Amino acid sequence: MAKGLPKRSEDFSGWYNELVNKADLAEHSDVRGCMVIKPYGFAIWENMKSVLDAKFKQTGHQNAYFPLFIPKSYLSKEAAHVEGFAKECAVVTHYRLKTGEDGKSVVVDPEAKLEEELIVRPTSETIIWNSYKKWIQSYRDLPLMINQWANVVRWEMRTRLFLRTAEFLWQEGHTAHATEQEAVQEAEKMLEVYADFTEQYMAMPVVKGWKTESERFAGANETYCIEALMQDGKALQAGTSHFLGQNFAKAFDVKFSDANGKQEYVWATSWGVSTRLMGALILTHSDDLGLVLPPKLAPIHVAIVPIYKGEEQLNNIRKVAVKLQNELAQHNIIVKFDDDQQRKPGWKFAEYEMKGVPVRVAIGPRDMENGTAEVARRDTLQKESYPQEGLADKIKALLDEIQENLLNKAKTFQTENTTKVDNWEDFKNVLENKGGFILAHWDGTAETENKIKEETKATIRCIPYDSIEEEGKCIYTGKPSKRRVLFAKAY
RNA sequence: CGGGAUGUGGCCCAGUCCGGUCAAGGCGCCUGGUUUGGGACCAGGAGAUCGCAGGUUCGAAUCCUGCCAUCCCGACCA
C-alpha cells in the first residue's frame, strides 16, 4: 500500500498535491505561485516538448526567441488584448538596487526608475508583432511561421502545481498569412496537431471545438480548443489555437504588398500548450498508488528489481538484467536496473509504482532456476512470469499494449461521463451528482452562458466540432437552438 | 482580495489554552553489522535561530501586534 498518499475518493486535491510531491515531479518554491520542476517531472516535460517540437517543424514552423520584457505601451496597442491580461501582469519599474540605510539589506534604488515600465510577458503577441512589422513587407515574406519555447508570467490569485502557476513554461506559435483563409487553416491545423499529440502520446482523448465569444482569447476572432475530462469529472482546457484576424496587424501596422502591389494587412494566428499538460497527464491516468505514465512519455520504461541473497546471486541476476537492458536499448526502451543494496524489493516496487514506471521486471533466485522473470504492468497492476528467452520482444509489445490500454480506458471514461441533457433540472442534477461533460442546447447568448455559470459554476467548454445540427431548446431559456454545446465545471 | 485552518531539524508532527531543564516522537539521513519474492532489523551518530519582524516579561515555541507563506471555500483565471 502506498504510504501517505490520500485516496482519490476521499480527498482528490490532497491526492493530487501529494502525488506531485511524492512522485518527485515538482514542489512549491518560496515565491508565491511559482514551482520548482524537479528532474523527474522535467524529464516528462522534455519528452512532451521534443515530440511537439518535431511536429511543429514538420508542419513548417521555425523556432525563435523574443524578450521576456514587453514595454508597457506595446501591450495596450490591442485594446481587447490589454483588457484581458492587465489584471495579472508583473511589472518591472526599476533596474537597480542599493544598500539600505542599515548597511545590510538591499533596497530598490529610487534613482533607478525606468522611463517606461516593462511588463513580464503574459504572452508574446505584442512584442512579436512589433518585430513582424519589420520583417514583413511583401507577400513573398509570407507565410511567416514561428514558434517560441518560453516562460510566461500570469499573476494568478490561486495557484496549483502544474495546473495553474504564476510562472509557467509553454510554447507559443505566432504566424502571419496573406489571406484570411490560410490563417484560419493554420489555426485549425495546429489544433489537430495538439489533439493528435494528446491522444497518441499522452493517451488522453480530447473534445475539439470552438470557444464561445466570452471564453475567447483576448484579441482573437476565433479560439479553437481541446478540452479533456479529468478523473474527478472536471474539464481541463488542454490547448488553444487562435485565429487573430487582422487585429494585431492593425494594432502594429503590419502590411504587405500583394502580387499586384496593393497594400494589405496580414492575417494572424497564435497557439499554445503549457506545463499544464503535466497536470492533465497526472489527472487522467494516475491512481491511489501513484503516477501512471503512458510509455511514450515515460522517462523510464522498465525498472528491473533484483531479488537476491548475497553477491553471487546478485551478479548472476545482473548478467540477465544487463542483457535485457541492451536488447531493449535497441528499441529505444529505457531501462533502469536498480541494484541499490539498501532498499528491499518491496520498497522498490512501491517506489516505481509511485513514479508511474510502465513495466517492472523482478528477477529472483526462483526465476534464475526456472529461467523466468516476473513482469508487472503499472496500468493494470497485473503480474505474470515469462521466460527470459524472448523477454525483450514481450516487453516491447507490452509497452505498446499499455499505451493503447491507457487511451482506451480514458476514452471509455470520457464516453461514460459525457451526458446528454435536455432540461434544466437534469442539467443541475447531472452536474451535482455525476459531473463530467454535459451536452446540452444553449440559446447562443453570452447572457444565458453567464447566468448558467453563476448558478451552477459550469461553463461552456466549447462548441464541439462534431456536434450535429438538430432542433432543440436552450436548457435555461427554452429558446430555440441548433446544436448542443459542451458544458462542465472546469479547472 | 473576503471566510476558515495551518506554519516547530529534509518530511510528518507533540508541546501553545495555563510563559520557567520541552524542544519530544516517528520517517528520512550518516556509520557499522545482519538482511532482501510487497515499503527490513539492531547499535551508534548528525541535524532546530520553534515562518519572519517587533513588543510584553527576570524569562517567550507558548502572551500581544504586524507581516509572509501554504491548504480548503469563495472572488479571479485567453
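Residue numbering restarts at 1 for every chain, and letters A, B, ... go by the order of the sequence lines. Since the model is a prediction, treat every value here as computed from it, not as a measurement.
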G54(B) - base-pair partner by Watson-Crick or wobble geometry, distances under 3.5 Å: C64(B)
Remember a base hit wins even if backbone is also touched, and classify K383(A) as base, sugar-phosphate or nothing at under 4.0 Å, heavy atoms. base
Rounded to whole Å, CD1 of I307(A) lies from C1' of A40(B) at a distance of 14 Å
Candidates U36(B), C73(B), G39(B) - which lies nearest the side chain of P345(A): U36(B)
G25(B) pairs with, by Watson-Crick or G-U criteria that keep both distances under 3.5 Å: C12(B)
For M354(A) and C11(B), give me the distance from atom CE to atom C1', rounded to whole Å. 14 Å
When the distance from CG of D288(A) to C1' of G39(B) is rounded to whole Å, what number comes out? 17 Å
Side chain of R158(A) only, heavy atoms from C-beta on: which candidate in G38(B), G74(B), C77(B) is closest? G74(B)
If I take atom CG in residue L5(A) and atom P in nucleotide C11(B), what distance separates them, rounded to the nearest angstrom? 18 Å
Between atom CD1 of I70(A) and atom OG1 of T126(A), what is the distance when rounded to the nearest 0.5 Å? 4.0 Å
Does a side-chain N or O from K309(A) land closer than 4.0 Å to OP1 or OP2 of U36(B), or not? yes
Using whole Å, what does the distance between atom P of nucleotide U36(B) and atom OH of Y308(A) come to? 10 Å
Atom CG of D340(A) to atom P of C29(B): distance rounded to whole Å? 10 Å
How are the rings of W424(A) and F427(A) set relative to one another: parallel (under 30°), tilted (30 to 60°) or perpendicular (over 60°)? parallel
